[in-house]
Protein chains: 2
Amino acid sequence: MATRVLLVDDHALVRDGLRRSLEAHKIHVVGEAGDGAAALRLVAELDPDVVLMDVSLPDMDGVAVTKQLAGAHPELPVVMLTMYGDQATIGEAIAAGAAAYVVKDCTTAEIVAVIDEVAAGETALSPALAQTMLRAARRGGEAILSAREREVLQLIAEGSSTTEVAARLYITPKTTKNHLASIYQKLEATDRTQAVLQGLRKGIIRLR
Amino acid sequence: MATRVLLVDDHALVRDGLRRSLEAHKIHVVGEAGDGAAALRLVAELDPDVVLMDVSLPDMDGVAVTKQLAGAHPELPVVMLTMYGDQATIGEAIAAGAAAYVVKDCTTAEIVAVIDEVAAGETALSPALAQTMLRAARRGGEAILSAREREVLQLIAEGSSTTEVAARLYITPKTTKNHLASIYQKLEATDRTQAVLQGLRKGIIRLR
DNA sequence: AGTGATTTGAGTCGTTCGACCTATCGATCT
DNA sequence: AGATCGATAGGTCGAACGACTCAAATCACT
């Protein structure tokens, strides 16, 4: 029988297109959600086999939704969809319990294959998924920040000053500045503005 | 007869879905392009009635492609598609010669209506298009910067320091700082990083 | 004619930033 | 066991930044 999928994406146009693409490949889309709250509600209501979820949602983070789903329905595989090969989010998504991670410029056939695989119970370690992840990770270079550095940069991007970042991370302003210095090196930036912009371009951090 | 459309979007998945959505509404998709160069080539080759183009493309800007198309094929209406209601890009797109501007969270029916309208020769002044533009412009408030202030902020966002901005605009660094000060006031920012981020959110400037 | 916004320019003052250097501690890798 | 890396923290120093106030010229709209 056909795999029953719940679509989560904030753009109605994308959802509609995705639904038609999937249904043309004999995948049954049982519901659509435009935000995280609707997604959580519909999962409980419709009990899909797989959730296909975009990372960027209006109300909450796709990663946050995935985390909640993983808690409430550990058996339900979540496939994360994203625009860009976004190393930071890949890691977070996997940690949150996503079963797979797909970039939006793969073909419909590829995503169908991934959906079928995770529906069959395969994990992120399956060859095809590893390939997808590699493809995602390959574009965008390497230049990866450490977890702490990402935190610092994200807070800066949210408008915090060095001192505020320090307070929120329970470290001294000095340490914050040190982290920033190594962020500048890794991102080839000379100041916080450029660092934030680079982080945005590389998908290391997100605009909130 | 059906309207013949050329799809331009860098994500294969989105293109595929869009094609199916449009064809379900009796719109004929004659071709797909994943980047600006392919778009220009296919327009010459396929002579579509309408081009449906995403703003973000890998090789060149959707706006830049539109500008070239407007030069080479003044009669060909271009409908710009975007993720966000982005006032800056709307203005640029219209200036570049786009016939319409649609946000990706409208329904398929709406975009079909827009495509049919522009195919019929209507311009951006048609009621439906004005409505679409209003919807796009509504989100994000007003808080508009002056032309000069936008220039300054855009250059800052491109990584220029105060002195570099001054040099590129042929003004003194002091004046640049004064512009920045009033930008901070208008955007409720306290430093350049926050100002750039606010500008990005409000669509006043663009990530390049 | 006058009001207001924009653009340009300037000064001062205290704060913050970023570059460069050193150092300790723990985890991970070889 | 030794090496490497990340996170923590400290210091110095000059440059840049942002807040505040002021002023003149231009242009548009009334």
Side-chain angles (χ1 to χ4, degrees), chain A residues 87-88 90-92 94-95 137 141-202 204-205, chain B residues 87-88 91 95 141-202 204-205:
Chain A
Q87 305 99 312
I90 293 181
E92 285 181 44
I94 299 296
E142 2 23 74
I144 313 159
L145 302 185
S146 73
R148 200 54 158 174
E149 288 162 352
R150 248 181 288 127
E151 277 187 282
V152 171
L153 191 55
Q154 182 64 54
L155 287 173
I156 293 286
E158 286 169 28
S160 302
S161 67
T162 303
T163 319
E164 285 163 354
V165 171
R168 290 174 67 177
L169 295 182
Y170 305 107
I171 57 179
T172 62
K174 191 67 259 250
T175 304
T176 308
K177 289 180 74 172
N178 290 334
H179 286 314
L180 276 172
S182 69
I183 290 171
Y184 298 154
Q185 267 206 313
K186 294 185 181 177
L187 296 186
E188 294 169 27
T190 62
D191 58 57
R192 57 229 289 125
T193 306
Q194 285 181 53
V196 166
L197 258 2
Q198 270 298 102
L200 244 29
R201 288 193 201 98
K202 291 195 190 291
I204 295 169
I205 51 167
Chain B
Q87 301 102 312
E142 5 24 72
I144 312 157
L145 303 184
S146 72
R148 201 54 159 174
E149 287 161 353
R150 249 179 289 123
E151 276 187 282
V152 170
L153 191 56
Q154 181 65 52
L155 287 174
I156 293 286
E158 286 169 27
S160 302
S161 68
T162 302
T163 319
E164 285 163 354
V165 171
R168 290 175 67 175
L169 296 182
Y170 305 105
I171 57 179
T172 63
K174 192 68 258 248
T175 303
T176 307
K177 289 179 71 172
N178 290 335
H179 286 313
L180 275 172
S182 69
I183 290 170
Y184 298 154
Q185 266 206 314
K186 292 185 182 178
L187 296 185
E188 294 170 27
T190 62
D191 57 54
R192 52 193 62 227
T193 306
Q194 284 180 54
V196 166
L197 259 1
Q198 269 299 100
L200 242 30
R201 287 194 203 96
K202 291 195 190 292
I204 297 167
I205 50 168

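Worth knowing before you read on, the calculation uses all heavy atoms, side chains too, and leaves out hydrogens, waters and symmetry mates. These figures come from a predicted structure and were not determined experimentally. Chain identifiers are assigned alphabetically (A, B, ...) following the order of the sequence lines, protein sequences preceding nucleic acid strands; residue numbering begins at 1 within each chain.
- Between C/dG18, D/dA7, C/dT8, one nucleotide has an atom nearer to the side chain of B/Thr175 than all others, and that is C/dT8.
- Of the candidate nucleotides D/dC20, D/dG11, D/dG18, D/dC20 has the atom nearest to the side chain of B/Lys174.
- Across the protein-nucleic acid pair, A/Arg148 atom CZ and C/dC25 atom P stand 19 Å apart, rounded to whole Å.
- Among the protein residues, A/Thr190 comes within range of the sugar-phosphate backbone only, with heavy atoms under 4.0 Å from sugar or phosphate atoms but none that close to a base.
- Looking at every heavy atom in both residues, A/Arg168 comes nearest to A/Ser160 through NH1-OG, 3.3 Å.
- Taking all atoms of both residues into account, the shortest heavy-atom contact from B/Glu149 to B/Ser182 is OE2-OG, 2.7 Å.
- Spacing between atom CG of B/Asp191 and atom C1' of D/dG18 amounts to 9 Å, rounded to whole angstrom units.
- Atom CD in A/Gln194 sits about 16 Å away from atom P in C/dC17, given to the nearest Å.
- Rounded to an integer number of Å, the gap from CG of B/Leu153 to P of D/dG18 is 12 Å.
- For the residue pair B/Leu197 and A/Ala157, the shortest heavy atom distance occurs at CD2-O, 3.0 Å.
- Among the nucleotides D/dA7, C/dT7, C/dG9, the one closest to the side chain of B/Thr172 is C/dG9.
- Side-chain N/O atoms of B/Tyr184 include one lying less than 4.0 angstrom from OP1 or OP2 on D/dG18.
- Rounded to whole Å, the distance from NZ on B/Lys177 to P on D/dA16 is 10 Å.
- Distances shown here put every side-chain N or O of B/His179 at or beyond 4.0 Å from the OP1 or OP2 atom of C/dT7.
- Checking each of B/Val152, B/Ile156, B/Leu153 against B/His179 for a side chain to side chain contact (heavy atoms under 4.5 Å, CB included) leaves exactly one that passes, namely B/Val152.
- A/Asn178 comes within contact range of at least one nucleobase, with a heavy-atom separation under 4.0 Å.
- Distance A/Ile171 CD1 to C/dT24 P: 20 Å, rounded to the nearest Å.
- Contacts of A/Thr162 with the nucleic acid, taken as non-hydrogen atoms under 4.0 Å apart, involve only primed sugar atoms and P, OP1 or OP2.
- Going from atom CG of B/Leu180 over to atom C1' of C/dT16 covers 16 Å, rounded to whole Å.
- Contact record, A/Ala195 with A/Ala189: N-CB, 3.5 Å, taken as the closest heavy-atom pair.
- Distance, B/Gln185 CD to D/dA19 P: 9 Å, rounded to whole Å.
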